[in-house]
Structures are given as C-alpha cells and as structure tokens.
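Values in this document were obtained by computation on a predicted structure and should not be read as measured data. Every chain is numbered from 1, with letters handed out A, B, ... down the list of sequences.
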There are 2 protein chains.
Amino acid sequence: MLTSSQRQLLRAISESGPLTRTEMAQMLGLSKAAMSGIARDLIDLGVLHETEIIYGQGRPSVLLDLHPECAFFVGISLLEDPAPMILSDLNGKIIARQAMPLSRDPKVIAEAISEGLPSLLETHPDAKEKLSGIGVALSGFVDETQAHCVQSTLLNWQDVPLAKIIRERSGIETFIENDAKAVAVSEKLFGSAREIQNFSVVSLGDGIGCAHFIDGRLYRGNHGGAGEIAHCTIEPGGAPCRCGKRGCLDTVASMKAIKEMSRAEGLKCTSLSDIEDEASTGNAAAIRILHRAGSALGLAIANLIQMNDPGLILITHVEGSFEGLFGTVVNQAIETNVLPRYAGQTPIRIKRVDGDVWARGAASIAAHNFLIGSHTS
Amino acid sequence: MLTSSQRQLLRAISESGPLTRTEMAQMLGLSKAAMSGIARDLIDLGVLHETEIIYGQGRPSVLLDLHPECAFFVGISLLEDPAPMILSDLNGKIIARQAMPLSRDPKVIAEAISEGLPSLLETHPDAKEKLSGIGVALSGFVDETQAHCVQSTLLNWQDVPLAKIIRERSGIETFIENDAKAVAVSEKLFGSAREIQNFSVVSLGDGIGCAHFIDGRLYRGNHGGAGEIAHCTIEPGGAPCRCGKRGCLDTVASMKAIKEMSRAEGLKCTSLSDIEDEASTGNAAAIRILHRAGSALGLAIANLIQMNDPGLILITHVEGSFEGLFGTVVNQAIETNVLPRYAGQTPIRIKRVDGDVWARGAASIAAHNFLIGSHTS
DNA sequence: TTGATTTGTTCATTTTCTGAACTTAGTGTC
DNA sequence: GACACTAAGTTCAGAAAATGAACAAATCAA
C-alpha cells in the first residue's frame, strides 16, 4: 500500500510528465529532504525510474518518470459483442488484445474473464506477476465505489455487484465504470487532457456519452448520472425518445439518429461519410439532416460550456470525420450559443478514436485506482 | 494559523452540526488520541466549545460545536445602491446592518468600508477584536484567489484587485466573490445545503444567477464562469439579449424580462404577484407570459440536472412566491425534461430570501475563508 | 454494589516532514 | 586547467503529528 504522499506524487507525474525531485518538492509543497526519501522508496518499488539528465547551471537534475512496465492492467468493454479484452501498461499502451463472448449473466462474464486471462497475460513476460487490476466499462450507472452497477438498460441489470463477482472469481482487484466516464479517465491519464483539471468529454457514437472532470477528479454526480447529456431536451416537443420523453439530443445527433433520419429520407447510410458525401454533392435532405444534428450537438455543448465553464471540451468520435459539414455546423452552433465574451475561450478538441476506446478506457479505470486510488483528495 | 487537521475538523462540524470527539475521529479517520488533542487546542483557541452531554450506555459523550462568537465577519453587497453592509457571527446570524453609498471607484469603496466599520463593530462588544474578515459580493467574474474582479459589466471593471485595495485600506483580511457563488457558499455554511456535497443554487431576481457545489467545494469553473445559466440558449433564435446573442434564459425568465413582457402587453407589473394575480383571474397574456418564463426556467434546470446530477437544486427568489402558476409551470417543466427514470429523484427546494441575501452571502465568503480556507482539499 | 460499557485522556512510540549543513556534478571565467 | 559559482540532491538530528495500548471517567443495568 502506498502512502498519501506517494500517491500525490504519482498523480503529479501522471499529470505533468517526468519531473525532477526539486520540481516535485515544489509541486507538493514538501521539503527537498522529504521528496528525496519518497522518490527513493518509489524507485525501490520499481514504480519510478530515472530517465533523462538535464544539464544547466549547477548540478544536473534528473527526471523521474513512471516506469511503464511496473504494472499491467486488463480492460474489458461490455459494450460490444464479442467483448474486447486488452492488456495495457501504465502508459496506456495496448500490449495485447483478444475477445470474449458477451453475456448478461455476471457469473458467466466473470468466468469468461478468468478463462481469458492466462492467454492474455502470456503475451508479456512480466504481465502475470505485475497484473494490478481489471477494469470493466459498461453502459449504465455505476456507484461511487466503482463496484456496483446500479442500473443498466443495455445489460438489463439492477444493482449487480459485478466488481465483487469478478474479483472473487479471478482473484484480481476489479473496478467497473460507465463507458463515457471511463473514456474521460483514460484521456486524463493517457490522453490529451492529462494536465487539465476541468474538462468534459463528449463521445459521439451510436449513442452520445459525456463525462466531466472537475478539480482534477472525475465527477460522477449524486446518483452517478452526471454527464447524461444525451437526454437533455434540445428540441422541446421534438421526436419521441426511447427514454420516454421528447426532443432529447439523442434523437437528433447520435449516429443512430442520423442514420435513421437518412434512411427515412431514402438515403443509404452506413456511416457518417455516406451522408457527408451526399451533402457535398448538394443533396438537400442530407444537408438538412446534418444541419439539424450539428446544431443540436453544438447547442448542447454550448449549454455545457455555459453551465460548467470547462477548460476543454474533448469530442471523441469513431466514424467519419469532423472535417465536413457536420463538424462545421457543430462548431458554429457552439460559437453562436456561447456568451460572446467567452466565445472561443473554451478549446474544443476533436479526436478520432479507434475501436479500442472502451476497452482502453476500462483499463484506465484499473490504472487510475492503482496510481491515484479512488477516494483520495 | 490552523493546521490541516484542525481545518478538516471545522469543516466536518460545519457540515454535520455538533459532534462528539469519537464521531469526529471516525469522520476524519483519525485515532481518538489525535482527536483529543486537536479538540483541546481548538477549545483553547475559543473556536470550539462543549454544548450538550449525551447520555447512553457507558460514559456520556460531549457534543462539541463551533463557538458562534469566536469570530465576526463583515459582508458587503455591491449589487444595490446604497450598498448594504452587515456584521455576522460564525452562525451567519446578522448582528448589525447599515449601508454605504455605492461607487464604481474601488478606492472610494475601500474608503467607505473603512469609514463604516467602526460604527458597525460597535454594536457588539467582541466584534472589533474578533473581526476575522470582510467579504464582498458583486456581479461579475472573480478569479480563484477571490481577490481580483476579472470582469464586471455592472461596475464597468476589468481586472480590479478589489480585495487587495480594501485589505490595504482597512487592514482586514478581505475576499470578494460573484453574487450567485456567494449565495451558494452561504447556503453551504449557514443554510439548507449544509450537509450536501453536490448541489446547485439558482437565484431568481432581476437577473438569474447560478452556482455549483461539487464534492463539497464551490466549483468556480475554468474562467470563473461556471453557473452562467442565464445565458444558456433556451429559445434558439429567440429574443435578442444584452449579451449579444439570442434566446438566452435571461430574456425570458428573469424578473426583469417578465416585467418587460408584461409592460409590452399593457399589464401593470411591479412584482411577480401582480402578474400572478392577473393570471389567476384568467388574463390570457399574463398566463402566456408566466408559462413561457416558467417553461424556460424549468427546461434550463432540467438540463442542469441532466448535465450535473446534483443532489439538490435550491431556487432562491426575492419577489412573490412559487405557490402560483409560475412555480407550477417551473416544476412541471423540470419533470417533463428530466430523464423519466430520474424524475423526482433530485430534490428541488424553493427558498424565499430577504433583502440581506447578497450581504449575508458576502459575509459567508469571509466566514468560509476563516473556517475552511480557500485552497484546501 | 458490582460489572458492563463506552467516552475520552495519557503517554511512549512510530511515522512523516523540516532545516541546515553537506556532497555532488556540472558551468563559466580567467 | 584551476578556480569560483551554481543548483540538485542527500544526510541527519530534531520537530510535528498521528498511533496503539493502557487507563481513568462517567454512566446504565442487574
């Protein structure tokens, strides 16, 4: 078990990248003497290692960084069938990847994970010994201990103690998390939001997910529902949504909605690019659909900016690109719906992600618990 | 200066009310031995005192509570002219109240405060000696050190180091804060949100303000702009707003907007009750106005709930009441725009506040800095 | 009255951090 | 190349904060 100071240090390095001992001492507000000891302990534990030597005036300083292979993590996404299962190191690098059948029965899932583990761990000589946690990403609400799935429509679950079941079957520390929140954590740990304390991730796929980091910590909300942007009412009195109300963002701007609207207009559409292509040739229906979806998403994001004033909005998307009409409309809708004095002040970063997002996010949940712990401040 | 443990303890008592030493030890995760010493020190300092004795099995336990008169605070609201100036104790009780002329010149403000202080402090024998801070509430953006006013349209300020100016002139520790955020802090310290970690305050007056507490701390946002709900677009393409864009919540649901719309319809309206009265007699224009305003506010609050999943929404209002049509429409709009599975899960509390809100909020900023400090976690 | 029970205190010990002096390993200058 | 100069990192004695175990205190229950 790590001490509180050791955790703080790991967190600082995770945010800032490699640091010298003197920098670390300043950041944590500790003396050089104390820092010296903490660093020595973490080096002895194999968690930190010396990397570069920086020459300047005076004695050269030594950069310390996390040792990427001091711990390994397994991430599993329960959002796809078959469910991807990856092995990652402390840098978020994917070392191996395999799949397991998806099930709705928690015990069957635990069994499948346990059976898949040996072959996954075989891919790296140290992985088995240094496996430090399993993370699972799923669609639904998760409690703040990252152990219980409170509710999942997709999996038809109510109060399932999934983490405990997997932990007992596999013997490995396990944490679960909502899909969008897992992606946010992976962006904070491994991605482009490392040093940012307040940011929101909006993940655009078949559905729309969102999660907030506030003051450097994932904000889960009082019932685990923070970031449920998909069911914000964007078109009052609009199309009925599967959630029971009308005009949700999900009914207009999710990929599923875009595809459905296209089909209704007689356009063939298997991905965003299909409609973008149609729109670029001047097809009025395609243009209308993209405008409607883009304006809705932009408005929702603008409202998010107004409400929470994040330091960054990170939009992740799987399909197509943001170079076309859709992206343009989204950006413009954000601009026109944000307080003019603020417009452009909040960076919007677009990131195309691959099929590993969810599994990588899941692994980052385990990594986060290893590095920083869940209940620290 | 207080130690970190002492601060944590004060925070816990401020949230939970009086506690026994054993309860405190459990809450902070400390040993009884450590707690014993910390409590003794704070009692010696006059900050804590023993109140009630609880009899049960075993040795009776002693409740410790904050000593209300261990510190006094001055709160000033720069939102009204003349500017109210109050003296409050650590319970938020207003001990004395006076006023000073409002000015846009920071130096004149500092001067007026310093000149007003002696007569204010005279009202209580200990106040002068135990004055622990001045808090100032204003309309505008404030930096995270609560010292600089980054921008204020109302006062026509840009980067004014108001806290420093007042501190230098008066010799008293001073902090400034945005109006809505100050109200949120006073609700957390003195009001009905004491024990709640995640909540949002929506203050309805001539304008609409909003502020969030997240994980027990005021969330200021990356540019101090968190909670700018008034300029969320609620009616896309709607009425032009003084901020430069269109359809802001402020143009439909603020008291100012309601009054203006009423006037445009030929209704005389000096307060919310006037239109409520008209509506109750069946006046179609009045009903229309209240419906429009109420739906807009309700939608904005519903979106807030979806985005942030707070544990409580506290709506504060000065004029009229929420018993009439307006309140009904607001509540209904919230219900219909929140994910049905969640509807009713987030408590909405309505609170009518008096003319002291802003000044009390200002005082609570000083009290918060005394009790908890600004940069603790 | 006696035992059970739980709060709160005391004190020796451990853990964690600090401050000051010191060592180390370079740069810059003559 | 010898010299001062500079800044990083280490060492070590001592301060500060927390712990654990034993104990004193104050009640209830039988």
- Message: Going by the rule salt bridge (Lys or Arg N to Asp or Glu O under 4.0 Å), which residues pair with B:Lys188 if we only count those two or more places apart in sequence or in a different chain?
- Response: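 Only B:Glu15 meet the salt bridge (Lys or Arg N to Asp or Glu O under 4.0 Å) criterion with B:Lys188.
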- Listed partners of A:Glu50 passing salt bridge (Lys or Arg N to Asp or Glu O under 4.0 Å), at least two apart: A:Arg21
With sequence neighbours excluded, residues passing side chain to side chain contact (heavy atoms under 4.5 Å, CB included) with [X]:
| X | result |
| --- | --- |
| B:Ala366 | B:Phe73 |
| B:Asn222 | A:Asn198, A:Asp309 |
| A:Gln345 | A:Tyr342, B:His223 |
| B:Ile196 | B:Phe199, B:Leu312, B:Arg349 |

What is the distance, rounded to the nearest whole Å, between atom [atom1] of [X] and atom [atom2] of [N]?
| X | N | atom1 | atom2 | answer |
| --- | --- | --- | --- | --- |
| B:Leu9 | D:dA17 | CG | P | 15 Å |
| B:Leu42 | D:dA17 | CG | P | 12 Å |
| A:Ile38 | D:dT10 | CD1 | C1' | 14 Å |
| B:Met35 | D:dA17 | CE | C1' | 13 Å |

Quick one: which protein N/O atoms are closer than 3.5 Å to N/O atoms of nucleotides 11-16 of chain D? Pair and distance per line, please.
residue, atom, partner, partner atom, Å
D:dT11, OP2, A:Arg40, NH2, 3.3

- Are any of the side-chain heavy atoms of B:Met27 and B:Met35 separated by less than 4.5 Å? no
- Return yes if some donor-acceptor pair links the side-chain N/O of A:Arg169 with the main-chain N/O of A:Lys164 below 3.5 Å, else return no. no
- Message: Strictly by ring-ring contact (aromatic ring centres under 6.0 Å, His included), give each pair with a member in residues 34-55 of chain A just once, sequence neighbours left out.
- Response: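 Those involving residues 34-55 of chain A are A:His49-A:His67.
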Distances for protein N or O near nucleotides 26-28 of chain D N or O, under 3.5 Å:
residue, atom, partner, partner atom, Å
D:dA26, N3, B:Arg59, N, 3.2

- Message: Rounded at 0.5 Å granularity, tell me how far CD1 in A:Ile166 sits from CD in A:Glu168.
- Response: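 A:Ile166 CD1 to A:Glu168 CD: 11.0 Å, rounded to 0.5 Å.
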- Message: Please give me every residue in residues 18-30 of chain B whose heavy atoms get under 4.0 Å of an atom in DNA chain D, ordered by residue number.
- Response: B:Gly29, B:Leu30
- Task: Could you list where the contact with chain B starts and ends along DNA chain C, reading 5' to 3', using a 4.0 Å heavy-atom cut-off?
- Result: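 Both ends considered, the range comes out as C:dT5 to C:dC11.
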- Task: Mind running side-chain hydrogen bond (donor to acceptor under 3.5 Å, both in side chains) on B:His124 and B:Glu69 for me, showing each step along the way?
- Result: CA-CA 10 Å; B:His124 191 285; B:Glu69 304 196 335; 3.2 Å; yes
- Remember a base hit wins even if backbone is also touched, and classify A:Ser61 as base, sugar-phosphate or nothing at under 4.0 Å, heavy atoms.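 A:Ser61: backbone/sugar contact only, no base atoms under 4.0 Å.
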- Between the side chains of A:Gln146 and A:Asn369, is a donor N or O closer than 3.5 angstrom to an acceptor N or O? yes
- Selection residues 29-39 of chain B - residue pairs positive for side-chain hydrogen bond (donor to acceptor under 3.5 Å, both in side chains), sequence neighbours left out: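 Of all non-adjacent pairs touching residues 29-39 of chain B, none passes side-chain hydrogen bond (donor to acceptor under 3.5 Å, both in side chains).
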